[in-house]
Amino acid sequence: MLELKSLACVRGERRLFSGISARYAPGTLVRVCGDNGTGKTSLLRLVAGLSEPAAGQILWQGQDSQRERAAFQRDLVYLGHASGIKDELDPVENLMASSALAAEGIEIGAARQALGEMGLGERLALECKVLSAGQRRRVALARLLVTRKPLWLLDEPFNALDPQAVERLADTVGRHLAAGGMCLYTTHQPVPIRATQSVELRLGRN
Amino acid sequence: MLELKSLACVRGERRLFSGISARYAPGTLVRVCGDNGTGKTSLLRLVAGLSEPAAGQILWQGQDSQRERAAFQRDLVYLGHASGIKDELDPVENLMASSALAAEGIEIGAARQALGEMGLGERLALECKVLSAGQRRRVALARLLVTRKPLWLLDEPFNALDPQAVERLADTVGRHLAAGGMCLYTTHQPVPIRATQSVELRLGRN
Amino acid sequence: MTRINWFKYASPATFFPLAGRLIPWFRALAVLFGVAGLYVGFFVAPTDFQQGEAYRIIFLHVPAAWMSMFLYMLMALYAGLGLVFNTRLSSMMARAVAPTGALFTFLALWTGSMWGRPMWGTYWVWDARLTSELILLFLYFGYMALVAAIDDPRRGDRAGGVLALVGAVNVPIIYFSVKWWNTLHQGSSINLTRAPSMAAMMLWGMLLMALCFWMYSIAVILARVQCVIAEREQRSAWLQELAAGEA
Amino acid sequence: MREPAQADVVLAGDGTLFLGLLRRDLLLVYRRRADAVTVLVFFSIVVSLFPLGVGADPNLLRLLGGGVVWVAALLASLLSLNRLFAADHADGTLEQILLSPLPLPLTALAKVTAHWIATGIPLTLMAPVLGMQFGLDGDGLLVLSAGVLLGTPVLSLVGAVGAALTLGLRGGNLLVALLILPLNIPVLILGAGAVDAAQSGLGAGAHLSLLGALLVGTLVGAPFAVAAALRISLD
Amino acid sequence: MREPAQADVVLAGDGTLFLGLLRRDLLLVYRRRADAVTVLVFFSIVVSLFPLGVGADPNLLRLLGGGVVWVAALLASLLSLNRLFAADHADGTLEQILLSPLPLPLTALAKVTAHWIATGIPLTLMAPVLGMQFGLDGDGLLVLSAGVLLGTPVLSLVGAVGAALTLGLRGGNLLVALLILPLNIPVLILGAGAVDAAQSGLGAGAHLSLLGALLVGTLVGAPFAVAAALRISLD
Ligand code: HEM
Ligand SMILES: Nc1ncnc2c1ncn2[C@@H]1O[C@H](COP(=O)(O)OP(=O)(O)OP(=O)(O)O)[C@@H](O)[C@H]1O
Ligand SMILES: Nc1ncnc2c1ncn2[C@@H]1O[C@H](COP(=O)(O)OP(=O)(O)OP(=O)(O)O)[C@@H](O)[C@H]1O
Ligand SMILES: [Mg+2]
Ligand SMILES: [Mg+2]
C-alpha cells in the first residue's frame, strides 16, 4: 500500500506540483502523465526518497517512508534516465553488481539468463561502453527480471527500446503486477500493459 | 542528391552491415530502421563523416564526401543521442552558440522565437542544467527551426518528447522536405511525417 | 513564568526587522570602542622596553587573530545547527559570518607579517601558528567557494555545513600550536589563572579593540544576513505560504 | 497474490553488501588498471620535476627529499579523487547506491577502501624508490614508507569528503583541491617532519604515532561526513 | 523546390566563426568564473605546501622560490586542462565542432585561447605575489612574471594536445599529466632558470627569449596536432 499525502515539489522559483494525494493498492499500475517538464521525473525521485518534498509525506505500508527510510528503500527499485550502467564492465558484471548493491545478489547463471531474455545473449562479453543506446537500456532493465522487490519506479523505461523489447518489458511489468507488485512509471509513447488495476496520475498543465 | 555506395561498417569483430547502396533525391525522407544494435547510429555517424566506413563511399551532389569534406559538412546538420547542450548556458545562448558554430549565426530575437515555438518560452532564462529531459531535447531541436542546411541527419529525435512536441517536430521535418531538403532519421516509435517521397533503409537482422 | 518564544526569532521574517533595528547601535558602539581603543593603544599605553613602538601593532593583531578563530567557530556552529535542525536562519547566518571571518583572518596575517619584519627580520616564516592561521584563511575561502558554486541555496547551505564542521578541527590547532610545537611565535600571555603578564594599559587597549571588532562584526554580519534574507525570501515568499498552508 | 512483504526477498547482511560493493569497485580498478600505473608515473614525474626546478645540489636534495615526495604524494592522491564518485554520479550508479540497504557510511568506507588500494598502496611501494633518488638513507626511507602507509588512507578519507561535497559542480576538480588541501596539511607536516627527524637522527616515533592517531580519527569520522555530503549532493 | 545548393545558406567567414567560438567559450568561462578563482587558490596552496614540506629556512626558500612557483603553475595549468575538451566531448558539442566549417586547427586555437585567458592570465597576475612570500626581490619578481606570461600559453597549447589525445579514455586526467609533463619540462627549466639568473645578478634575457621562441613554435605547430588528435579521438 503506497500513499501520497499532499505532496508538493518546488524547483527554483517554480512550484511544479502541490497537493498530490493518492492511495495505491498492491497490483496497481500507475502511469504518471504530463507534458515535458511537468515534474514526472521529479515526482518519481521524490517518491524514491532521492530528494525531499517541499511539503507532504509518502507512506509505505502505513509507515512514513522518510522516517523508515531503510525499510522503504529495501522494498523499491528505481530506474531513472541515467541507468547506472558502468562503461567498463560487461553486461553480466553490471547486472550482478547492481543486484548485489540492492542486497539481491544473484548467481552468474541467473544473470546470463536474464540478459539472454533481454536479447543480449550475443553481447555478454562486450564492455557496455560499445553497446548501442537500446542495448545499454536493456542491460539496466534486466534488473527487473531478477528482482523480487514489490515497488517499481520506472522513469521512461521504454526509451530507446525497439518494439520487441518494449513488448517484452510490458510483459515483465504485467507479471510483476499480477504477482501483487506495484509500478509507477512514466512514458510519452502509450504502451499497453496487462494490469487488473491501472490508473493515471496526471501532472500540471504548464 | 545523396548516394551511398556499398557502405560497410565494422565494430570490433562484428560486421554491422555491408553493401548498402542507395540514391536519394532532394525532398526524400529516409527512415533508417532496425532493432537495437543493428547499426543505425553507426550509419548516421558514418554518413556525417564522424567515423570512417570500413568500405564504400558517400557521394553528395556527385562529389565524394570524404574528399570534399568541408563543402559536404557545410550542407548538413547532425543531431545525435548526445545533443550538445551546455549545462551552464541558457537555452537562448545554447541555440545561438550552436548556430554560430555551424556558420549560421542568428540574432537573439530569432533564437527566442524558435525556442518559443518549441514551447520553451517560459524557460528561456534558466540554465539548461535544470531543464527536464524533454526540454533539453527541445533546445537541441530548436536548431532545426533556424537552419537552412539541406541535409538533416537525426538520431532518434523523438526520444523523450511529449506528443505535442513530436507533432511539432514532424511538422518541421515535413516543411523541410517540402522545401526540397532531405532527412535521414531513426526512430523506434512510428511517427507520421508528411513527405512526398518516403523510403525505409532497413538494417540487419541480428 | 512566561516563556519567551525564542523560535520566533529563528524565523527570517521576524529576524529581519529586528536586525535592522540593532545594526545602528552596534555600528555606533564599534566606532566608540574603536576610538577609545586606538587612543589607549597609541597614546596612553607605554612604549615597550624591548620592542619599541612597533609593538603597537599588537592592538590590531591580537584582536583580529582572536576574532578570526572565534568567527570560524561561530560559523561552524551556525552551519551545524542549520544542518541538523534544518533551520534556515542559522545557515544564512553562517553564510554571513564567513566573509567577515576571512577579513579578520587576513588582517591577522597581514598585521602579523608587518610585525614580523621588525621582530623576526622577515615577513613570513613557516611556523605552526602562522601556517595554521593561513589554513584558516583557506578554509574560509573553501567554504565561500563551495556555497557560491552551488546554485540551489538549500543544498549550498547543507554542503557548506558539512565542510564548516569538518574544518573546525583546525581552530584548536591554531590555538594550541604555540604549545604543541616549539615556534617563533609568541605564546599566550593572557591567562585566566595567572595575572596578565603585560602592562595594564596594553591589556586595556587590546580589550577595547577586541570589543570594537566584536561590535563591527555583529553590525556587518547582521547587515549581510539581511541581504541574504532579502534575496532569498523575495523568491520564496510564496513557498512560505505553501508551507504554512500545508501545516 | 503476493503481499509485498519483505519475507520472500532474500536479504543480504551489511557485511555481504559491503564486500559486494568493494568487489565491484576493485573489479573496476582492475579494468582501469592503467590508472594505477598512471598515478605512479605522475608521482614520479612530479618528484623528478623538482630537481629540474630548483637545481641539483645533492645536499640540498637530501634536505628536500622527504618534503618533495610527500607533496607529490598529496597531489597524486588529489588528482585521482575524481574517480571516487564522479563516474558513479554521471551514470546514475550513485542513486542506486543511495537506495541500497547498506548504511551510507559503510558504502563510503567501501569506496574509499577501493580507492586507497588503487592509489595508496602503489604510492607506498613507490615512495622509497623515489626517496632513494634524493639520497635518503636506510632509516629515512623506512620512516618515509611507514609515513606514506599511514598517511595515504587519511588523504583518501579526507579527499572523499571533498569529492562528495563537490559532486556535479563545475570546476569540481579544482574546488576539491581548494577544500581538502588545507585539511591535509597536517598529514604533510607530520609525514615530512618524520623523515626529517629520522634523517637528523632523532626518533620519528612521535610523528608516526600522531599520524596513526590522525588515521584513527578520520577513519571514525570521515565516513559519516561523506555520507552526509552524498545525500546533500544528490538532492 | 529548393535545390540543396549552398547559395542561400548565409555563410560566415572563418574570422567570424573563430570569434563566435571564442565568445562562446569566454561566456562559459564567465559562467564558471568561480573556476578562475579556484585555479588561483590551488596555485597558492601548492606553493604554500612546499615550505611546509621542506622546512622554512628563509635562505633555502629564496633559493627554491622560482622553481616552486613554476612547478605549481605547471600543475595548476595541468589540472584545469580537463575543462578544455572533456565537457564538450561528453555532451556532444565536440561532434558539432568537428562538423563546423571552421578549420579544425582554428577551432583548437580558439579553445586554447579561451583556456589561457581563464587560467594563464590569473596565474601571471598571482605569480609575483607568491614569489614575494619566498623572498624574491624586484628583479626576480619581474622576470618571474615575464616568464609566466610567456610560458603559460605554451602550457595551454601543449596541454591541449594531451587533452585531445586522451579524450574519452578513462583515467584521462592522469594520462594527460603523463603525456604532457615531460613535454613541458623545457618551459619549467627555462622559466625557473630565468628567475635564478635574475636573482644571481646575471641577465635573464637569454632564458626569456628562448621561452618566447618556444611560444612561437608551439603556437604554429600545436593547433594542427590538436586537430589531428581530435579527429582520432572521435572516430
Ligand atoms: C603572519 C604572521 C602572524 C600570524 C598569522 C599570527 C597569528 C596569531 C594568532 C592566531 C594569535 C592569537 C592566538 C591566541 O589568542 O592565543 C596571535 C596572537 C599574538 N601574536 Fe601573532 N601572528 C603573527 C605574527 C606575529 C608577530 C610577528 C608577533 C610579534 C613578534 C606576534 C605576536 C603576537 C602576540 C603577542 C599575540 C598575543 C598572544 C596572547 O596574548 O595570547 N604575532 N597571533
Ligand atoms: N531552478 C529552477 N527554476 C525554475 N524551474 C526549474 C528549476 N529547476 C527545474 N525547473 C523546472 O522543473 C521541471 C523539472 O521537471 P522534470 O524533470 O521532473 O520533468 P519531467 O516531467 O520528467 O519532464 P520530461 O518529460 O521532459 O522528462 C522542468 O520544467 C524545469 O524547467
Ligand atoms: N567492439 C565491438 N565488438 C562487437 N560489437 C560491437 C563492438 N562495438 C560495437 N558493437 C556493436 O555495434 C552495434 C552498434 O550499434 P549502433 O549504436 O549503431 O546501434 P543502433 O542501431 O543505433 O541501436 P539503438 O537502436 O539501440 O540505438 C551494437 O550492436 C554493438 O553491440
Ligand atoms: Mg523526465
Ligand atoms: Mg542508436
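Keep in mind the model is a prediction, meaning the values are calculated, not measured. Note on naming: letters A, B, ... go to the chains in the order of the sequence lines (proteins, then strands), and numbering restarts at 1 for each one.
Looking at B:Leu46, neither its backbone nor its side chain comes within 4.5 Å of chain E, counting heavy atoms on both sides. At a 4.5 Å heavy-atom cutoff, the contact between E:Leu21 and chain B is made by side-chain atoms alone. Contacts of E:Arg23 with chain B are absent, with no heavy-atom separation under 4.5 Å from either backbone or side chain.
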Atom pairs and distances, donor-acceptor, side-chain atoms in residues 152-164 of chain E, under 3.5 Å, two or more places apart:
| unit_1 | atom_1 | unit_2 | atom_2 | d |
| --- | --- | --- | --- | --- |
| E:Thr152 | OG1 | E:Trp116 | NE1 | 3.0 |
| E:Thr152 | OG1 | E:Val148 | O | 2.8 |
| E:Ser156 | OG | E:His115 | ND1 | 3.1 |
| E:Ser156 | OG | E:Thr152 | O | 3.4 |

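Between the side chain of E:Ser100 and the main chain of B:Ala102, no donor-acceptor pair closer than 3.5 Å is present.
Around the CZ atom of B:Arg23, the shell of radius 6.0 Å holds no more than 12 heavy atoms that belong to other residues, nucleotides or ligands. Enclosure of atom CZ in E:Phe18 by more than 12 non-hydrogen atoms of other residues, nucleotides or ligands within 6.0 angstrom is indicated. Within a 6.0 Å radius of CD in B:Glu167, other residues, nucleotides and ligands contribute 12 heavy atoms or fewer. In the displayed structure, B:Glu107 atom CD is contacted under 6.0 Å by at most 12 heavy atoms of other residues, nucleotides or ligands.
Interatomic distance, CG of B:Asp75 versus CG of E:Leu99, reported as 12.0 Å (0.5 Å rounding).
Contact check for B:Leu79 versus E:Gln96: side-chain heavy atoms found under the 4.5 Å cut-off. B:Ile85 has its side chain out of reach of E:Asp91: every pair of non-hydrogen atoms, C-beta onward, lies at least 4.5 Å apart.
Taking a cutoff of 4.0 Å between a charged side-chain nitrogen and a carboxylate oxygen, E:Arg24 and B:Glu93 do not qualify as a salt bridge.
Ranking B:Lys86, B:Glu127, B:Met96 against chain E, the residue ahead of the rest is B:Lys86, based on heavy-atom pairs under 4.5 Å. Between chain B and the residues E:Leu102, E:Leu98, E:Leu94, the most heavy-atom pairs under 4.5 angstrom are made by E:Leu98.
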